[in-house]
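Reminder, nothing fancy here: chain letters follow the sequence lines and each chain counts from 1.
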There are 2 protein chains.
Amino acid sequence: MSPPTVPEPTGPRWRRRAEARPEEILEAALAEFTTRGFEAARMEDIAKTAGISKAAIYLYFPSKTALLEALIEAKIGPLANQVQSLALAGQTDPLMTLRMLATAAAHRIGDARVFAVPRLVIGISGRFPEIAEYYRVNVVEKARGALEALIDAGKAKGVIRNVDTKAVARAFIGPILFEGLWTHVLGGETALNDPQKLIESQFDILLSGLENRA
Amino acid sequence: MSPPTVPEPTGPRWRRRAEARPEEILEAALAEFTTRGFEAARMEDIAKTAGISKAAIYLYFPSKTALLEALIEAKIGPLANQVQSLALAGQTDPLMTLRMLATAAAHRIGDARVFAVPRLVIGISGRFPEIAEYYRVNVVEKARGALEALIDAGKAKGVIRNVDTKAVARAFIGPILFEGLWTHVLGGETALNDPQKLIESQFDILLSGLENRA
DNA sequence: CTTATATAACTGACTAGTCAGTTAGTTGCA
DNA sequence: TGCAACTAACTGACTAGTCAGTTATATAAG
């Protein structure tokens with residue numbers, strides 16, 4: 001065993017990088033929160049992952065809770081807005097847009113890093129109801145609203161028969177959500193590695209129904 | 001303000017009730033875990049809720065984690081077994097049995113106390129993967145298996161057309177699960193206070209499909 | 001029906017350890 | 001030189017789990 005050679009013998013011990021820090025801290029926080037949960041994650045570990053000292057975090061975020069809030073805002077806001085505008089643009093062909101949205105959603109939910117945030121929200125919802133509400137209003141309600149508008153457009157066009165819009169939205173989101181929980185939370189064998197196929201069978205059922213009409 | 005009168009001036013300071021304690025402790029633990037989350041729940045508070053001292057908990061359960069495990073076993077095991085036997089008994093009329101099971105499930109999931117355990121499991125799944133696995137194997141896999149057997153029976157009888165069984169199971173469970181999360185985790189307006197109606201619209205969609213065939 | 005004895009059930013006070021947040025001082029850079 | 005960015009070391013508060021001692025109750029003996 002030779003003594004460990006210093007990898008960077010020259011250069012400063014640290015650099016002033018005030019611009020880049022916040023985002024790096026958020027990345028590190030997401031990683032720690034995701035693997036250990038919010039409560040068990042240690043600020044010291046987040047700092048280490050971000051490559052700074054614990055005290056430096058407090059130069060950018062006033063508290064651990066603030067870190068969580070900022071994280072959710074940064075990671076989730078854009079996503080919902082994207083869904084919303086996509087749905088709005090696709091009103092002319094609602095069924096195809098629905099299929100596209102569902103496939104995209106299944107694809108993203110298959111990624112553990114993406115599913116980490118909703119999972120985190122579920123975990124802390126008891127202690128931080130205001131975060132749960134933020135998530136509901138700014139993410140789920142937005143996406144759900146967009147979906148319902150699309151379904152209503154389909155009904156108006158006559159390609160979807162007259163059924164309860166909210167129930168249809170549930171029938172689209174629910175199965176994908178279930179597979180996400182099954183995969184990432186319960187560690188079961190996943191069908192999410194082939195999102196295309198998943199959505200295809202889902203649409204087969206939803207569009208044509210289960211009853212035998214041969 | 002009169003000085004508070006002692007409610008029970010006579011009688012012992014505590015009673016020996018070894019038979020009743022474990023269940024009371026589990027009840028208290030469920031309440032605390034549910035409102036504060038597993039990590040933030042304090043053993044002292046659980047003890048207070050159960051009406052005993054903190055040390056007394058350790059006469060019955062070796063650790064906080066053991067408390068959580070016992071809780072899940074006690075609250076959930078019976079439920080899954082019940083689903084399983086109901087499904088087995090209803091093979092002769094699969095569609096009616098499915099409808100019955102779905103209604104019962106929606107009814108139960110509407111109860112915040114029942115939904116508390118799965119919610120807890122989701123929250124701690126990162127830190128206690130073995131608990132998540134226990135839950136998957138002993139609850140979800142069991143119920144899902146029973147459901148799939150029922151669907152296969154329907155296909156064999158010809159009342160359900162030839163579609164992917166797993167996808168159908170997802171299509172049954174997913175929407176109910178979604179509504180549970182929406183209601184109890186995100187605090188949204190719920191459709192679960194009328195489980196009958198919820199399931200009716202769900203079955204309308206699932207059986208007949210969305211396409212307009214007028 | 002007492003009263004003595006044994007022990008299971010329970011408590012209060014403590015320990016050892018953890019961790020969010022603070023402070024006093026150091027370093028990089030303009 | 002001046003000051004913003006950063007760190008090491010510290011503190012205060014909190015809590016899972018322990019333990020020595022106390023109390024309730026079952027049972028046996030008088």
*Encode nucleotides 6-13 of chain D as B, S and - characters from 5' to 3', where the letter depends on protein heavy atoms closer than 4.0 Å: B to the base, S only to sugar-phosphate, - to neither.*
BBB-----

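- Residue pairs meeting the ring pair (Phe, Tyr, Trp, His ring centres under 6.0 Å) criterion with at least one partner in residues 100-131 of chain B, sequence neighbours excluded, are B:Phe38-B:Phe128, B:Phe115-B:His184.
- Judged purely by distance below 3.5 Å, without hydrogens or angles, the side chains of B:Thr103 and B:Gln196 never pair a donor atom with an acceptor atom.
- In this structure, B:Ile57 places its CD1 atom 10 Å from P of D:dG17, rounding to the nearest Å.
- Look at OH on A:Tyr58: it is 18 Å from C1' on C:dA24, rounded to the nearest Å.
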Report, one line per pair, each donor and acceptor closer than 3.5 Å where one atom sits in a side chain of residues 86-97 of chain B; sequence neighbours left out.
{"unit_1": "B:Asp93", "atom_1": "OD1", "unit_2": "B:Met96", "atom_2": "N", "d": "3.4"}
{"unit_1": "B:Thr97", "atom_1": "OG1", "unit_2": "B:Gly90", "atom_2": "O", "d": "2.9"}
{"unit_1": "B:Thr97", "atom_1": "OG1", "unit_2": "B:Asp93", "atom_2": "O", "d": "2.9"}

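- Spacing between atom NZ of A:Lys64 and atom P of C:dT22 amounts to 15 Å, rounded to whole angstrom units.
- For A:Glu32 and C:dA20, the CD to C1' distance is 15 Å, given to the nearest whole Å.
- Under the side chain to side chain contact (heavy atoms under 4.5 Å, CB included) criterion, A:Ala20 pairs with A:Arg17, A:Glu24, sequence neighbours left out.
- With sequence neighbours excluded, no residue forms a ring-ring contact (aromatic ring centres under 6.0 Å, His included) with B:Tyr134.
- B:Ala41 comes within 4.0 angstrom of the backbone, heavy atoms only, and of no base.
- As a whole-Å value, the separation of A:Phe61 CZ from D:dA5 P is 14 Å.
- Taking atom CZ on A:Arg42 and atom C1' on C:dG21, their separation rounds to 14 Å, with Å as the unit.
- Atom-to-atom, CD1 of A:Ile46 to C1' of C:dG21 comes out at 13 Å; the value is rounded to the nearest Å.
- One interatomic measurement links the two molecules: CD of A:Glu39 to C1' of D:dA16, which rounds to 15 Å at whole-angstrom precision.
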Donor-acceptor pairs under 3.5 angstrom involving side-chain atoms of residues 167-180 of chain A: please list them, not counting sequence neighbours.
{"unit_1": "A:Arg170", "atom_1": "NH1", "unit_2": "B:Glu179", "atom_2": "OE1", "d": "3.2"}
{"unit_1": "A:Glu179", "atom_1": "OE1", "unit_2": "B:Arg170", "atom_2": "NH1", "d": "3.2"}
{"unit_1": "A:Glu179", "atom_1": "OE2", "unit_2": "A:Ala191", "atom_2": "N", "d": "3.0"}

